[in-house]
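Right, one structure below, let's go through it.
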Amino acid sequence: MLDPRFIRENMELVESRLKTRGEGVDLGRFRELDTRRREMLLQSETLKALRNKVSEEISRIKDKSQAQGRIAEMREVSQKIKGLDEELRGVEEELENVLLMIPNIPHASVPVGTSEADNVEVRQWGKRPVMDFTPKPHWEIGEDLRILDFERGAKLTGARFTLYRGAGARLERALLNFMLDLHTERHNYLEMLPPFMVNRESMTGTGQLPKFEDDLFHLDGVDYFLIPTAEVPVTNIHRNEILRGDDLPLLYTAYTPCFRKEAGSYGKDTRGLIRQHQFNKVELVKFSHPEHSYAELDRLLDNAEEVLRLLGLHYRVVELCTGDIGFSAAKTFDIEVWLPGQDTFREISSCSNFEDFQARRASIRFREDEKAKPEYVHTLNGSGLAVGRALVAVLENYQQADGSVMIPEALRPYMGGQERIS
RNA sequence: GGAGAGAUGGCCGAGUAGGUCGAAGGCGCUCGCCUGCUAAGCGAGUAUACUGGGAAACCGGUAUCGAGGGUUCGAAUCCCUCUCUCUCCGCCA
């Protein structure tokens with residue numbers, strides 16, 4: 001959520017900055033409601049001040065029969081207040097809804113663009129593996145080795161669900177343990193294991209709601225949602241809290257499955273593991289001092305890249321343009337891993353600084369020191385990494401001419417020393 | 001799922017015949033005094049949000065005692081609903 005006061009005072013600026021996202025945001029409604037709200041608030045509060053004053057006078061009168069006139073008067077004042085407050089509540093509710101639907105303002109450094117095509121490549125690491133045979137896509141590798149079973153996944157649940165079998169299941173587990181160990185032991189993140197379903201407040205805090213309810217799985221009978229990313233529970237750990245400035249930055253990592261309806265992606269990536277309704281992810285989340293959040297973003301991105309470097313996987317880093325960054329983000333870098341089986345780079349991590357956008361929604365603040373006023377923290381997060389897609393990358397990059405797959409050095413301790421899947 | 005108890009400020013904890021309670025007291029914290037240093041002691045201060053005025057320092061108003069409604073001139077205190085926590089029973093990994 002943007003700061004309403006900031007919008008009020010910088011209407012044109014906000015409107016033009018948001019326009020670069022490609023969504024026309026009309027702030028006229030905001031201005032109308034905001035003005036109306038303050039007018040009504042003033043009226044209501046003036047009457048309340050009067051009532052408080054007179055009520056206090058009444059309390060001092062011993063003989064209440066002397067106070068009948070004023071009591072009657074206040075009865076009317078109270079009626080008026082009640083009416084005003086009711087109307088005010090309606091206005092505030094609508095204002096809140098308007099505010100919750102306004103996306104974050106992109107950081108000044110974000111390249112302006114309208115689509116994915118305008119994203120800017122920042123760097124590449126490693127190079128494409130040399131293969132003297134035609135590389136297979138991972139779904140073929142997985143089926144041939146009988147470690148991925150798409151048909152039975154579909155039987156058990158439906159499209160976009162997969163059964164991992166044997167070494168496939170273990171490879172997935174190896175990857176996520178490897179990632180968690182790296183981030184906790186080498187990068188100083190604190191491991192969390194949060195609930196995999198959360199309530200509406202949490203989803204609103206990070207920005208999934210109210211705008212993207214269609215993308216979420218909702219439980220029947222209780223108002224809970226399956227999390228689409230660990231970002232939601234982990235960021236909301238500190239919802240409605242005031243943190244100590246000394247404790248910042250807080251670095252958390254968490255493995256969770258992620259559940260997404262992928263509404264609107266019908267027909268896209270229908271084969272293989274790329275786009276599933278359920279996938280595993282190791283997430284990195286930071287609560288940062290506002291002044292250091294961009295330095296923290298660079299570090300977070302590097303922490304995520306480190307996973308790929310240790311796995312020896314070729315990748316590139318892309319800076320998303322204004323037209324492509326997410327609703328809540330002020331700036332985002334994607335990491336895309338090379339997939340020989342598909343002859344292309346595919347997103348495997350997305351690292352963002354949300355600045356105070358989520359912090360304001362979720363009311364996550366800190367005090368610089370004991371005396372200081374609370375300020376909003378900056379929240380950041382990034383995948384470190386998407387485990388399913390990492391498995392895809394391993395299969396496709398380490399496939400051999402004979403159909404087997406070499407296991408990257410770094411993962412072997414997690415595979416009981418196994419060097420190859422065949 | 002059944003029965004009961006509870007939810008007050010950073011923490012602990014008073015406050016139920018409704019008014020002077022944003023809320024006693026203690027702890028913690030901040031500043032000052034004092035002691036050669038430390039501890040102890042003494043004094044003052046110590047919530048948040050919105051809002052009006054002001055360049056600002058700051059001054060004023062309103063709200064907040066789990067959340068939401070109700071009764072009343074007036075509610076932390078009375079009534080209703082909900083949420084959460086704890087205890088016991090049942091069920092269960």
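Proteins come first, then strands; the chains are lettered A, B, ... in the order of their sequence lines, and each starts at number 1.
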Exercise. More than 12 heavy atoms of other residues, nucleotides or ligands under 6.0 Å from CD of A/E116: is that the case?
Worked result: no

Seminar exercise, completed: From the candidates B/C73, B/G69, B/C84, the one with an atom nearest any side-chain atom of A/R51 is B/C73

For this session: Using the C1' atoms only, state how far B/G61 lies from B/G68, rounded to an integer number of Å.
Result: 25 Å

Problem set entry | Residue whose nearest RNA chain B nucleotide is more 5′ - A/I58 or A/A49 | A/A49

Exercise. Just to confirm, is there a sub-4.0 Å distance from OP1 or OP2 of B/C50 to any side-chain nitrogen or oxygen of A/R5?
Worked result: yes

Problem set entry | Whole-Å P distance, B/G15 and B/C33 | 39 Å

For this session: Using Watson-Crick or G-U wobble pairs with both distances under 3.5 Å, give me RNA chain B in dot-bracket, 5' to 3', with [ ] for crossers and | for pairs to another strand.
Result: ((((((((.[[[..)...(.....]]]((((((.......))))))(((((((....))))))).[[[[[..)....]]]]])))))))....

Exercise. Of the candidate nucleotides B/A63, B/G74, B/G52, which contains the atom at the shortest distance from the side chain of A/L42?
Worked result: B/G52

Seminar exercise, completed: Between CD of A/E86 and P of B/G70 the distance, given in whole Å, is 8 Å

For this session: Report the distance from atom CG of A/D223 to atom P of B/C84, rounded to the nearest whole Å.
Result: 12 Å

Exercise. How far apart are the C-alpha atoms of A/I348 and A/Y315, what are their side-chain angles, what is the distance that settles it, and do they pass the side chain to side chain contact (heavy atoms under 4.5 Å, CB included) test?
Worked result: CA-CA 9 Å; A/I348 195 165; A/Y315 69 85; over 6 Å; no

Exercise. Roughly how many Å is it from CG in A/L41 to C1' in B/A49, rounded to a whole number?
Worked result: 11 Å

For this session: Taking atom C1' in both B/U64 and B/U8, compute the distance separating them and give it to the nearest angstrom.
Result: 12 Å

For this session: Please lay out, stage by stage, how A/F259 and A/F196 fare under the test ring-ring contact (aromatic ring centres under 6.0 Å, His included).
Result: CA-CA 9 Å; A/F259 304 92; A/F196 300 158; 7.4 Å; no

Exercise. Can you find a donor-acceptor N/O pair under 3.5 angstrom joining the side chain of A/E45 to the base of B/G61?
Worked result: yes

For this session: Using the C1' atom on both, measure B/U46 against B/G9 and round to a whole Å.
Result: 11 Å

Problem set entry | Span that lies between the C1' atom of B/U20 and that of B/U77, in whole angstrom | 15 Å

Exercise. Hey, are A/D34 and A/R8 close enough for a salt bridge, meaning a charged N less than 4.0 Å from a carboxylate O?
Worked result: yes

Problem set entry | Among B/U71, B/A47, B/C73, the nucleotide that comes nearest once only the side chain of A/R367 is considered | B/A47

Exercise. From the list B/A49, B/U51, B/G69, which nucleotide is the closest neighbour of the side chain of A/K373?
Worked result: B/A49

For this session: Round to a whole Å and report the spacing from CG of A/L47 to P of B/G52.
Result: 16 Å

Problem set entry | ring-ring contact (aromatic ring centres under 6.0 Å, His included) partner of A/F287, the single match among A/Y252, A/F366, A/F354 | A/Y252

Exercise. Counting only side-chain N and O atoms of A/R60, is one of them less than 4.0 Å from OP1 or OP2 of B/G74?
Worked result: no

Exercise. Is A/S78 near enough to B/G74 that one of its side-chain N or O atoms lies under 4.0 angstrom from OP1 or OP2?
Worked result: yes

Exercise. Which value, in whole Å, describes the distance between the C1' atoms of nucleotides B/G74 and B/G19?
Worked result: 6 Å

For this session: Pick the C1' atom in B/C79 and in B/U71, then give their distance to the nearest Å.
Result: 7 Å

For this session: Check the distance between B/U48's P and A/R239's CZ and give it to me in whole angstrom.
Result: 21 Å

Exercise. Is a salt bridge present between A/E94 and A/R29, judged by a nitrogen-to-oxygen distance below 4.0 Å?
Worked result: yes

Problem set entry | Atom OH of A/Y224: over 12 foreign heavy atoms under 6.0 Å | no

Problem set entry | Position toward the 5' end of RNA chain B (nearest nucleotide), A/R37 or A/V54 | A/R37

Problem set entry | Pairing of A/E96 and A/R89 as salt bridge, 4.0 angstrom limit | no

Exercise. Once you round it to whole Å, what is the distance between C1' of B/U72 and CZ of A/R70?
Worked result: 18 Å

Problem set entry | A/R38 side-chain N/O to B/G61 phosphate OP1/OP2 under 4.0 Å | no

Exercise. Base, sugar-phosphate, or nothing for A/K82, non-hydrogen atoms under 4.0 angstrom?
Worked result: sugar-phosphate

Problem set entry | Selected nucleotide, minimal atom distance to A/Y224 side chain, candidates B/U51, B/C84, B/C73 | B/C84

For this session: Answer yes or no: does atom CE of A/M197 have more than 12 heavy-atom neighbours from other residues, nucleotides or ligands under 6.0 Å?
Result: no

Exercise. Looking only at atom P, what distance separates B/U48 and B/C37, rounded to whole Å?
Worked result: 34 Å

For this session: Send over the distance from A/Q43 CD to B/U51 C1', rounded to a whole Å.
Result: 14 Å

For this session: Give one of base, sugar-phosphate or nothing for A/R200, where a contact means two heavy atoms less than 4.0 Å apart.
Result: nothing

For this session: Figure out the CG/P separation between A/N52 and B/C21, and round it to whole Å.
Result: 14 Å

Problem set entry | A/R36 bridged to A/E87 by N-O distance under 4.0 Å | yes

Seminar exercise, completed: The nucleotide from B/U51, B/C73, B/C84 with an atom nearest the side chain of A/S55 is B/C73

For this session: Answer with base, sugar-phosphate or nothing: what part of the nucleic acid does A/R365 contact at a heavy-atom distance below 4.0 Å?
Result: sugar-phosphate

